[in-house]
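As a basis for the values below, the full set of heavy atoms in this structure was taken, side chains included, without hydrogen atoms, waters or symmetry mates. Being a predicted model, the structure only gives us computed values, none of them experimental. Here is how names work: the chains are called A, B, and so on, in the same order as the sequence lines, proteins then strands, and each is numbered from 1.
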Amino acid sequence: TVGMISIDENGHVAAGTSTNGLNHKVPGRVGDSPIPGAGCYADNTVGGAVATGDGDVMMRFLPSFQVIESMRHGVSPTQAIEDALNRILKYYPTFNGALVAVSKDGYVGAACTGFSSFHYCVRSHSHQPTAVFSVKC
Amino acid sequence: LLFLPIVVNTWPWPQATEAAWDKLISSSSVLDAVETGCTQCEIDQCGGSVGFGGSPDENGETTLDAMIMDGGNMNIGAVGCVRGIKNAIGVARRVLENTEHTLLVGNLAKDFAVEMGFKEESLSTNHSQQMYNDWRKSNCQPNYRSNVTPNPKTSCGPYKPMRSHVQAEQNSRANLNINQSNHD
């Protein structure tokens, strides 16, 4: 899945996802990507969040929505993501997934679990051309 | 606000980021930026996990899921399990812009896409067909079926449900090789 967040200079937020899902899935299966609050979520008053990984698990926890709600209450993007991942890991200890979030002010956070590391891209006037960041899971 | 405007995306696919950024600067539309960036990944088949020609299902078919959300009015357009349309995020945008609904799925989402002017074409490629053939040769492993007969850990289908099964006490997902080239 590619999950993408865009915020303009006025703080207008949009988020999106696109995927072909998991290899060899059962026909008819849909993952988290088109599920609001699972694959992504956006709120101009808070920011945006996108998720990637094992969609069958993620769509049971709506992690993107949880991240936005945590950020709404003042939690940083990275801490909000870690909280959302920990909630999933409590029930699925071998879960594979990652989230990226951006606050309405443009602060970026990311965290992952199950992969050795996770890469994400950031483009702004401060990051030109696009910067690729890595976080250890 | 020094950090705005900004575009961020999952995985190391900077060409998608740059496409979204260029659109954001030229159009000042965050929705256009997200649609353009995701479309670039669909064209580039980013990591094999986006767009046509990847992640064949048990029948060897590629289907696509996509969603786009406007954080200003909480409007959402999404499509699930779309067949035969390469630009899934574009169809999701049409759901957002041209319907009062949130999510369209399957063949009827394809019909909607065609009605909206999208071209119907195969999402299979030689690569996805080879992935499917290799999976069949390896006794259909990895496999997402459970509590069915024949044993999905060793055999291909067709499958039927087992009459009874033991409920696992703890959720344990089998090793399904979820990684950068196989994920949602």
Side-chain angles (χ1 to χ4, degrees), chain A residues 1-9 11-34 36 39-44 48 50 52-55 57-58 91-92 94 96 98 100 102 105-108 115 119-124 126 129-130 132, chain B residues 1 3-14 16-18 20-21 24 28 30-31 33-35 37-38 41-42 46 49-51 54-55 57-59 62 64-72 76 78-81 88-89 103 105 131 135 142 144-145 171-173 178-179 182-184:
Chain A
T1 302
V2 59
M4 182 167 280
I5 302 162
S6 172
I7 309 179
D8 69 15
E9 58 193 4
H12 192 172
V13 185
T17 59
S18 181
T19 189
N20 53 31
L22 297 180
N23 297 336
H24 317 305
K25 65 183 88 62
V26 177
R29 180 264 191 186
V30 169
D32 65 303
S33 297
C40 73
Y41 207 69
D43 185 330
N44 281 7
V50 290
T52 185
D54 185 344
V57 170
M58 287 191 289
Y91 293 91
Y92 295 92
T94 60
N96 303 75
V100 181
V102 188
D105 301 322
Y107 289 94
V108 182
F115 308 119
H119 295 78
Y120 62 98
C121 296
V122 177
R123 180 68 162 96
S124 70
S126 303
T130 294
V132 179
Chain B
L1 294 179
F3 299 102
L4 301 181
I6 190 170
V7 172
V8 173
N9 62 267
T10 55
W11 303 106
W13 301 326
T17 330
E18 287 292 330
W21 174 263
L24 180 61
S28 297
V30 288
L31 288 171
V34 167
E35 181 184 355
C38 290
C41 250
E42 291 171 347
C46 284
S49 74
V50 184
S55 304
D57 66 16
E58 284 184 351
N59 297 329
T62 296
L64 303 180
D65 305 334
M67 169 170 58
I68 188 165
M69 178 170 189
D70 185 334
I76 292 174
V79 290
C81 203
I89 190 71
L103 172 63
V105 300
M131 289 178 71
W135 180 73
Y144 293 92
R145 303 271 183 166
N171 294 309
S172 61
R173 298 276 284 175
I178 293 175
N179 51 48
N182 177 38
H183 63 266
D184 294 291

Practice problem: Check whether A:Val2 gets within reach of chain B through its side chain, its backbone, both or neither, counting any heavy atom under 4.5 Å. | Solution: both
Quiz prompt | Option that, when pairs with chain A are counted at under 4.5 Å, heavy atom only, ranks first among B:Gly37, B:Cys46, B:Ala88 | solution = B:Gly37
Quiz item: Going from CG on B:Asp184 to CG on A:Leu22, what distance comes out if it is rounded to the nearest 0.5 angstrom?
Solution: 4.5 Å
Quiz prompt | Beyond-backbone contact of B:Ser49 with A:Asn20, side-chain heavy atoms, under 4.5 angstrom | solution = yes
Practice problem: Pick one of side chain, backbone, both or neither for B:Leu103, based on which atoms fall under 4.5 Å of a heavy atom in chain A. | Solution: side chain
Exercise. With a 4.5 Å cut-off on heavy-atom pairs, point out which of B:Ala78, B:Gly80, B:Cys38 contacts chain A the most.
Key: B:Cys38
Quiz prompt | B:Leu31, part contacting chain A, at a heavy-atom distance under 4.5 Å | solution = both
Quiz item: Who among B:Asp70, B:Thr62, B:Ile89 has the most heavy-atom pairs with chain A under 4.5 Å?
Solution: B:Asp70
Self-check item: Top contributor to chain B contacts, counting heavy-atom pairs under 4.5 Å, from A:Val50, A:Val30, A:Val57
Solution: A:Val30
Self-check item: Engaged part of B:Leu24 at the chain A interface, taking heavy atoms whose separation is under 4.5 Å
Solution: side chain
Practice problem: Check whether any side-chain heavy atom of B:Trp21 lies under 4.5 Å from a side-chain heavy atom of A:Ser6, and answer yes or no. | Solution: no
Self-check item: Under 4.5 Å from a heavy atom of chain A, the part of B:Ser28 involved
Solution: backbone
Exercise. Using a cut-off of under 4.5 Å on heavy-atom pairs, state which of A:Gly11, A:Ala42, A:Ser33 scores highest against chain B.
Key: A:Ala42
Quiz item: Quick one: of A:Gly39, A:Gly48, A:Ala14, A:Cys40, who has the most non-hydrogen atom pairs under 4.5 Å with chain B?
Solution: A:Ala14
Quiz prompt | Max heavy-atom pair count under 4.5 Å with chain A, selected residue of B:Glu35, B:Glu42, B:Glu58 | solution = B:Glu58
Exercise. Indicate yes or no for a side-chain donor-acceptor contact from B:Glu18 to the backbone of A:Pro129 under 3.5 Å, with no hydrogens or angles considered.
Key: no
Quiz prompt | chain A interface, residue from B:Val105, B:Val79, B:Asn182 that has the most non-hydrogen pairs under 4.5 Å | solution = B:Asn182
Practice problem: Could you check if a side-chain atom of A:Tyr92 sits within less than 4.5 angstrom of a side-chain atom of A:Asp54, using non-hydrogen atoms only? | Solution: no
Quiz prompt | Test side chain to side chain contact (heavy atoms under 4.5 Å, CB included) applied to A:Thr52 - qualifying residues, sequence neighbours left out | solution = A:Thr1, A:Ala98, A:Phe118, B:Thr10, B:Trp11, B:His183
Quiz item: In terms of heavy-atom proximity below 4.5 Å to chain B, should A:Val132 be classed as side chain, backbone, both, or neither?
Solution: side chain
Quiz item: To the nearest 0.5 Å, what is the distance between CG (B:Leu4) and CD (A:Glu9)?
Solution: 8.5 Å
Quiz item: Picking from A:Gly16, A:Gly106, A:Gly55, A:Pro34, which has the most non-hydrogen pairs under 4.5 angstrom with chain B?
Solution: A:Pro34
Exercise. Please look at B:Cys41 and chain A and tell me whether the side chain, the backbone, both or neither of the residue comes under 4.5 angstrom of a heavy atom of that chain.
Key: side chain
Quiz prompt | chain A contact via B:Val7 - which portion, at a heavy-atom distance below 4.5 Å | solution = both
Quiz item: So, for A:Ala15 and B:Val34, which heavy atoms are closest and what is the spacing to 0.1 Å?
Solution: C-CG1, 3.8 Å
Self-check item: Partner chain B: residue of A:Gly28, A:Gly31, A:Pro36 with the largest heavy-atom pair count (under 4.5 Å)
Solution: A:Pro36
Quiz item: Does any N or O in the side chain of B:Asn9 come within less than 3.5 Å of the main-chain N or O of A:Met4, such that one atom is a donor and the other an acceptor?
Solution: no
Practice problem: Give, as side chain, backbone, both or neither, the part of A:Val100 having an atom under 4.5 angstrom from any heavy atom of chain B. | Solution: side chain
Quiz item: Looking only at heavy atoms, which two atoms of A:Tyr41 and B:Met69 are closest? And how far apart?
Solution: CE1-CE, 3.5 Å
Exercise. Specify the closest pair of heavy atoms between A:Cys121 and B:Thr17, including all atoms of both residues, with the distance to one decimal.
Key: CB-OG1, 3.2 Å
Quiz prompt | Among A:Val108, A:Val26, A:Asn96, residue most engaged with chain B (heavy-atom pairs, under 4.5 Å) | solution = A:Val26
Quiz item: Is there a donor-acceptor pair under 3.5 Å between the side chain of A:Asp105 and the backbone N or O of A:Tyr107?
Solution: no
